[in-house]
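The structure under discussion appears below in the form of structure tokens.
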Amino acid sequence: QVQLVESGGGLVQPGGSLRLSCAASGSIFSINAMGWYRQAPGKQRELVAVITSGGSTNYADSVKGRFTISRDNAKNTVYLQMNSLKPEDTAVYYCNADRVRYYGDSYYYKGWGQGTQVTVSS
């Protein structure tokens, strides 16, 4: 199981910005993809954005042009810069890491963060 620690959520007014961070801990050799998902009350968890180790990105249509995902491979950390936030962006945001390898271990792992609340409201 991969340990992921998220930070950066909070309350922001419509049109505002927030930056989420998620760091994977442990003696990590590589992480293939890292991403952000969100789950609003009464809705299914959905993909927000994902980034590969090579820097390729994919975004949900609803956030394109407003959110930017990035990562620091040396720190095993992924970021989500959220601009022009809307009330419909309100959700718990979860970090995900896929195909994680640790030094001395040939297996691949994946995991989820504990979630961070983002509330967009005036």
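Keep in mind the model is a prediction, meaning the values are calculated, not measured.
- Listed by chain and residue number, Leu11, Thr119 satisfy the side-chain contact (heavy atoms from CB on, under 4.5 Å) test with Ser121 (two or more places apart in sequence, or in another chain).
- Within a 6.0 Å radius of CD in Gln117, other residues, nucleotides and ligands contribute more than 12 heavy atoms.
- Grouping Ile, Leu, Val, Met, Phe, Trp and Tyr by side-chain contacts under 4.5 Å, direct or through others, leaves Tyr79 on its own.
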Going by atom type alone, with no hydrogens or angles, which donor-acceptor pairs under 3.5 Å involve a side-chain atom of residues 48-61 and a protein atom two or more places apart or on another chain?
from  : atom 1 : to    : atom 2 : distance (Å)
Thr52 : OG1    : Gly54 : N      : 3.3
Thr52 : OG1    : Gly55 : N      : 3.4
Thr52 : OG1    : Ser56 : N      : 3.1
Tyr59 : OH     : Ile69 : N      : 2.9
Asp61 : OD1    : Lys64 : NZ     : 3.1

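- Residues satisfying the salt bridge (Lys or Arg N to Asp or Glu O under 4.0 Å) test with Arg99, not counting sequence neighbours, are none.
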Identify every side-chain donor-acceptor pair in residues 25-41 under 3.5 Å, counting partners at least two apart or on other chains, and give the distances.
from  : atom 1 : to    : atom 2 : distance (Å)
Arg38 : NE     : Glu46 : OE2    : 2.7
Arg38 : NH1    : Asp89 : OD1    : 3.0
Arg38 : NH1    : Tyr93 : OH     : 2.9
Arg38 : NH2    : Glu46 : OE2    : 3.3
Arg38 : NH2    : Ser62 : OG     : 3.3
Gln39 : NE2    : Lys43 : O      : 3.1

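- Every pair passing disulfide (SG to SG under 2.5 Å) that includes a residue from residues 53-122 is listed here, sequence neighbours excluded: Cys22-Cys95.
- Taking the side chain to side chain donor-acceptor pair (under 3.5 Å) definition, one finds that Asp72 meets it with nothing, sequence neighbours left out.
- Taking Ser84 as the reference, nothing meets the side chain to side chain donor-acceptor pair (under 3.5 Å) condition, with sequence neighbours excluded.
- Cluster partners of Tyr108, using a side-chain heavy-atom cutoff of under 4.5 Å among ILVMFWY residues and allowing indirect links: none.
- For the side-chain contact (heavy atoms from CB on, under 4.5 Å) test with Leu18, the passing option among Val120, Val12, Leu80 is Val12; the others fail.
- For Asn83, the side chain to side chain donor-acceptor pair (under 3.5 Å) partners are Ser17, Gln81, not counting sequence neighbours.
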